[in-house]
Structures are given as C-alpha cells and as structure tokens.
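Remarks on the structure that follows.
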Amino acid sequence: MKIKSIHILLAIIIIIGGGILLASELDLYNTDRVKSPRKTAEGFYDIYDIRGSHTLEEIEKYYHLPASSAIDAFGLRPDTIPALFQLKDMKEIFKPVELEGEGYVVETDTVKVFTSLYLKIPYVSDETFYLPEKTVNYLIENDKLTGEEKEYWQGHTFKLEYLDSEYLAASEFSRIVVEEAEGFKVTGKTTVKELLDGGITEEKFEEVTGFKVPEDKSVLVRDFVIDKGLEFGEVKDKFAE
Amino acid sequence: MAKKQKKHLIRLVVQIFFLALIILISVNHFRSEQGLAPLLIGAPSLHAVCPFGGVITIYTYFTEGAFIQKIHQSAFTLMWLVLGLTLLFGPVFCGWVCPFGTVQEFIGKIGRKIFKKRYNNFIPSVIDKPLRYLRYVILALVVVNTAISGKLLFSNFDPYYALFNIWSSEVTRLSLLVLGLTLIGSLFVERPWCKYLCPLGALLGIFNLFRIVKLKRNENICINCKVCDRVCPMNIDISTSKTITDHQCISCLLCTDEIACPVSNSLNFSVLERKNPKEDLKKDSGDKIEESDSGGVK
C-alpha cells in the first residue's frame with residue numbers, strides 16, 4: 001500500500017488529535033503541573049525537589065515544616081496565607097544581596113537550606129552559602145543547629161531587606177480582600193471563599209460572573225473566571241463597584 | 001505539476017497549523033500570567049505540550065513514580081503518541097509537526113534563494129557525517145543528567161523554549177545564543193538544529209531503522225536522476241538505497257513520487273513489499289514518460 005501526504009495528515013489527526021482527546025477522557029492529559037515532589041529511596045519527600053511553585057502549605061504538607069516557622073524565620077508578614085504564598089514569591093519581597101562578589105536572591109534554594117537545617121535532613125546546596133541573619137537566629141533560638149552548624153552559619157549571614165519598605169506595615173490591612181471606602185479590591189490570589197467572607201454575596205457573584213458560586217470555594221477567583229472564558233480584569237472591577 | 005504542488009501544500013498547512021498553535025499557546029500563557037483570559041484555547045506552559053519532556057522524565061517516572069520539575073502529565077502522554085506515530089511512519093513529528101523545525105525550514109527558504117545550489121551543501125561530508133551523531137551524545141547527556149539531578153536542565157539551552165517563550169525571564173542567555181546561532185545557521189544549512197543537535201530528533205531517528213511504513217526505491221524503474229537526493233532537506237543519499245533507513249530521515253515525503261520523484265511508483269512510502277517489480281515497470285512505463293517532465297518541486 002502506497003502512503004501519501006493525505007494518509008500522514010490523517011495519521012496525525014487520528015493519533016495525535018484523537019490520542020489527546022482519548023487521554024483527556026481518561027484523565028491522562030493533564031497540562032497542570034503535578035506538584036507532589038519526588039521521594040528519596042527512604043520514602044521521604046526529597047528536599048532537592050522543593051520547587052518555586054510550592055506554597056508554604058505544600059511545604060508543610062510534604063515536609064512537615066510548619067508554615068508559621070518559615071514565616072517567622074524569613075520575616076514574612078504574619079498574615080501571609082500559606083496556601084497562596086509560593087516560594088518564588090520571595091524574590092518579589094526581598095532585595096537581592098551581593099555576597100562574595102556575586103548576586104544572591106532569597107528564594108527557593110534558601111528555603112531548601114532552611115528546611116534541611118530545620119528538619120536535620122542532608123541537603124548540599126551549590127548556591128546558598130549564606131543565610132539571612134534573621135533565619136539563622138530563628139534556627140538557633142529553636143535549637144535546630146548543631147555546634148558546628150551554628151559556628152558556620154553565624155559567620156555566614158546577611159541582613160535581609162525588603163524591596164518595599166512598607167511591606168510589613170501593610171500587614172495592618174486585611175490581607176487579600178482589602179476593604180476600602182470605595183469597595184473591595186480583588187487580587188489574583190483572592191479565593192472565592194475570601195471574596196464571600198469579604199462581603200460579596202452569592203447573588204452578587206452570580207450577577208457579576210454569570211455563574212453560580214463553585215462548590216470548591218478554595219479556588220482562586222482569577223482561575224475560576226478565566227476557566228469560564230471571562231476577562232479577570234473586568235470581573236475584578238465589577239466586584240469593586 | 002500543479003497537482004504535485006497541491007500535495008506539497010498538505011504538509012505546509014500542517015506545519016503552519018502547529019506553528020500557529022504553539023504561538024497561540026505561548027501568547028495565552030503570557031496572558032494568563034498577566035491575569036487576562038486566554039484566547040480560543042487554554043494556557044498551558046510550553047513544557048506541557050512538548051513530547052521531549054516525557055522522554056527526559058521517563059527514568060524518574062518509572063523509578064519514583066513522579067515527573068521531574070516543570071514536566072506535566074500531558075508531555076508524558078504526548079511522548080507515547082509521538083512514539084506510536086513514529087513507529088508507523090518514521091519521524092513525522094520532525095518533518096510535519098515540530099514548530100521549531102518549521103521555523104528553521106522557513107528561514108532556509110531565504111537561504112536557498114540567496115545561495116541557490118550551494119545552499120545546504122556548505123559543510124564537507126567528512127565533517128558533516130560524524131557531526132550527525134552529535135545529537136545522540138546530547139540525548140544521552142540530557143537524559144542521564146536529568147535522571148541524576150531531577151531538574152529540567154535542557155531548558156537552559158533549549159532554543160525551542162527560548163523562541164516561543166522569549167518574553168519570559170526563565171529563558172537563559174545560553175538558550176538565546178543557541179537560538180540565534182541556529183536561526184543564522186538555517187540560512188546556510190537546512191534544519192541545523194534537527195541535523196546536529198536535537199535530542200528528540202535523535203530518539204525518533206532511531207525508529208527509521210524499524211518503522212512499519214518504509215520509504216522504498218524501486219531500482220527497476222528508477223532513472224537515477226538524483227532529484228530525490230537534491231530535494232532531501234537532510235542530505236540523505238536516497239538514490240543509492242533500496243529501502244531508506246537513514247536515521248536522519250524526517251518523513252517529509254519531499255523525495256517521493258508524490259512530490260519530487262518524476263517516476264510513478266519509483267520512490268514512495270509503502271507498507272507492503274512489491275511482489276513483482278517487473279509488473280510495476282510495465283504498468284508504469286507510460287507514466288514514466290508522461291511524468292518525467294514534471295521534475296522536482298524545490
């Protein structure tokens with residue numbers, strides 16, 4: 001049998017197109033990231049696989065590192081929501097520092113080192129040789145460092161500075177849904193539950209979005225409206241009206 | 001001739017479709033990061049729609065039951081679909097689907113206009129042939145290092161990711177450099193990334209050795225005009241083989257009697273062996289005279 005272009009075209013449609021449809025039906029074509037980190041040979045979640053997209057809540061879930069400890073150790077706002085705060089968000093909060101002639105950003109690898117020291121699980125970093133002074137002090141106060149570790153890290157600290165000097169002061173306000181004189185401010189990290197708690201009624205939600213309040217109220221408003229084909233910016237403004 | 005050009009268009013349309021699809025996905029991903037609604041389709045990351053992601057996570061998947069960082073289940077599924085397609089027809093993915101191959105091919109058309117017959121013939125065979133195996137070294141390095149580190153190291157120099165994600169801060173300078181060199185190189189050599197460096201192309205190329213639908217040349221009716229050799233983007237010596245199993249073939253069909261070969265049934269993709277080539281010779285003798293004027297399309 002002679003194979004021509006049209007046969008190849010059909011094969012692409014059937015195998016690739018049809019395959020994707022079938023896989024979607026079987027829930028085997030998920031384009032969202034699987035967030036579960038890989039496990040070590042001993043069956044524990046691997047510190048090396050902590051990712052920038054992991055939230056503090058996920059770190060607590062997989063590694064049993066309390067989110068409150070990370071918040072305190074890194075000087076994050078006390079009202080930080082562990083379920084929403086991703087490790088990569090740190091680079092938007094802290095100023096980069098110059099260490100031994102090289103730039104360093106407090107981010108995922110810093111949390112890996114902190115987690116390793118806090119939980120006493122080995123992790124060898126190839127980029128983090130200094131920790132914020134606040135973080136080292138937290139580890140010492142909570143008796144998480146051995147004598148040798150204490151000696152090393154006390155000599156390898158730097159002062160943590162915020163990009164926004166008002167960062168901590170801003171925590172006096174409501175954390176996600178900010179009630180202002182003119183209404184509510186919805187951000188990309190506002191969940192449906194927070195929206196409802198913030199005073200938006202279910203009727204108002206339906207009126208603005210054209211859809212009923214989802215059963216899973218932990219979903220982000222942004223994700224919900226985008227999933228329904230709506231423009232997040234417009235919906236956000238309508239909630240603020 | 002017009003009929004042949006029309007058939008040539010089928011591949012072009014498929015290539016443009018997938019190129020547009022990837023551009024749309026990239027734009028949507030950018031929009032979603034800005035809080036804007038995606039256009040027409042969803043907004044997955046480029047890693048989610050590249051089958052090579054499935055290849056590099058395969059070790060981690062079977063040993064630890066997890067995908068490596070930034071790799072999605074969809075990439076793993078796509079890998080199996082592409083491998084299935086390749087087992088049947090050879091690296092159709094490279095010749096028809098891969099948007100980065102398409103971009104190189106389009107730039108190559110400019111090179112062909114500038115350099116005419118010299119285009120795609122700049123590198124001496126002595127250097128070119130061993131370089132063609134470099135992509136297997138890259139494949140091995142990427143797979144082994146990814147298995148060891150559990151990280152998507154390839155994205156640090158992946159020109160495909162750099163091209164379609166150029167707005168992202170995740171794109172490294174090294175990948176931009178590789179992208180630039182590849183695009184410039186495409187003006188002189190057809191598909192330089194595919195030929196020398198692409199690890200996915202390397203893996204899919206192996207399937208040319210045992211794919212089900214084979215590219216066959218009928219020696220009995222071939223007129224040795226060598227049009228097939230001239231049109232092959234991968235510089236394969238087609239006119240000297242009976243069954244083309246070269247690891248570089250991308251199943252583009254350009255050489256076949258559907259497009260370039262002037263002799264009907266002389267060179268085509270077929271799934272079953274010819275029983276009696278002499279019969280073909282008799283049957284096609286008329287076509288041979290009639291079609292030999294058509295020549296190639298390139």
Side-chain angles (χ1 to χ4, degrees), chain A residues 1-20 22-24 26-41 43 45-46 48-54 91 108 186-188 220-223 225-236, chain B residues 7-11 13-14 18 31-38 42-45 47-49 60 63-78 80-82 84-85 88-89 92-93 95-97 149-151 213-215 251 253 256-259 265 268-272:
Chain A
M1 183 193 169
K2 195 167 156 180
I3 302 296
K4 295 182 174 180
S5 297
I6 192 74
H7 299 124
I8 303 274
L9 171 63
L10 289 173
I12 291 171
I13 293 170
I14 293 167
I15 297 176
I16 304 285
I20 289 172
L22 182 66
S24 303
L26 298 171
D27 201 22
L28 293 171
Y29 193 79
N30 194 343
T31 55
D32 294 327
R33 202 167 297 160
V34 175
K35 302 195 88 177
S36 162
R38 65 178 180 178
K39 288 183 174 176
T40 60
Y45 286 108
D46 193 347
Y48 284 83
D49 206 23
I50 290 179
R51 307 168 193 182
S53 60
H54 280 141
K91 68 180 173 201
T108 314
V186 183
T187 74
L220 296 179
V221 177
R222 191 188 79 162
D223 289 351
V225 299
I226 288 175
D227 189 48
K228 299 293 180 194
L230 304 170
E231 197 78 45
F232 177 60
E234 284 175 18
V235 172
K236 194 171 74 166
Chain B
K7 284 176 178 170
H8 181 51
L9 277 179
I10 295 178
R11 188 172 78 97
V13 168
V14 174
F18 281 104
R31 284 175 63 89
S32 81
E33 285 186 354
Q34 305 299 310
L36 301 169
S45 99
H47 295 306
V49 292
T60 314
T63 54
E64 297 166 24
F67 300 117
I68 63 159
Q69 289 182 15
K70 299 187 179 179
I71 295 303
H72 308 61
Q73 187 192 40
S74 54
F76 197 63
T77 302
L78 269 179
W80 292 112
L81 296 175
V82 169
L85 184 67
L88 282 173
F89 300 100
V92 164
F93 178 83
W96 293 63
V97 178
S149 68
K151 287 181 181 171
V213 178
K214 296 183 192 305
L215 177 60
S251 300
L253 267 66
T256 62
D257 59 7
E258 187 188 2
I259 297 171
N265 286 332
N268 54 48
F269 275 76
S270 54
V271 74
L272 295 170

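The analysis underlying the following values was restricted to heavy atoms, covering all of them including side chains, and did not include hydrogens, waters or symmetry mates. Below, read A as the first sequence line, B as the second, and so on, with proteins coming before strands; counting in each chain starts at 1. None of the values given here were measured: they were computed from a predicted structure.
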Could you measure the distance from the CD1 atom of A:I15 to the CH2 atom of B:W80? Nearest 0.5 Å is fine. 15.0 Å

Option in A:G19, A:G18, A:G52 with maximal non-hydrogen atom pairs under 4.5 Å from chain B: A:G19

Which pair of heavy atoms, one from A:Y29 and one from B:A48, lies closest together, and at what distance? OH-O, 4.5 Å

Turns out that what part of B:L215 lies under 4.5 Å from chain A's heavy atoms comes down to neither

Please walk me through it: do B:V92 and A:I12 pass side-chain contact (heavy atoms from CB on, under 4.5 Å)? CA-CA 8 Å; B:V92 164; A:I12 291 171; 3.7 Å; yes

Interface moiety of B:L85 toward chain A, non-hydrogen atoms closer than 4.5 Å: both

Between B:E258 and A:K4, what is the shortest heavy-atom contact and its length? OE1-CA, 3.4 Å

Can you tell if the side chain of B:T77 reaches within under 4.5 Å of the side chain of A:I20, non-hydrogen atoms only? no

What heavy-atom pair brings B:N265 and A:K2 nearest, and what distance separates the two atoms? OD1-NZ, 3.3 Å

Atom pair CZ/NE2 of B:F269 and A:H7 - distance to nearest 0.5 Å: 13.0 Å

Separation of A:I16 CD1 from B:F18 CZ (nearest 0.5 Å): 6.5 Å

Top contributor to chain A interface from B:L78, B:V82, B:V97, B:V49 [non-hydrogen pairs under 4.5 Å]: B:L78

Starting at CD1 of B:I10, measure out to CD1 of A:I8 and round the result to the nearest 0.5 Å. 10.5 Å

Tightest non-hydrogen contact, residues B:L253 and A:S5, listed as CD2-N, 3.4 Å

Is it the side chain or the backbone of A:L22 that comes within 4.5 Å of chain B heavy atoms, both, or neither? neither

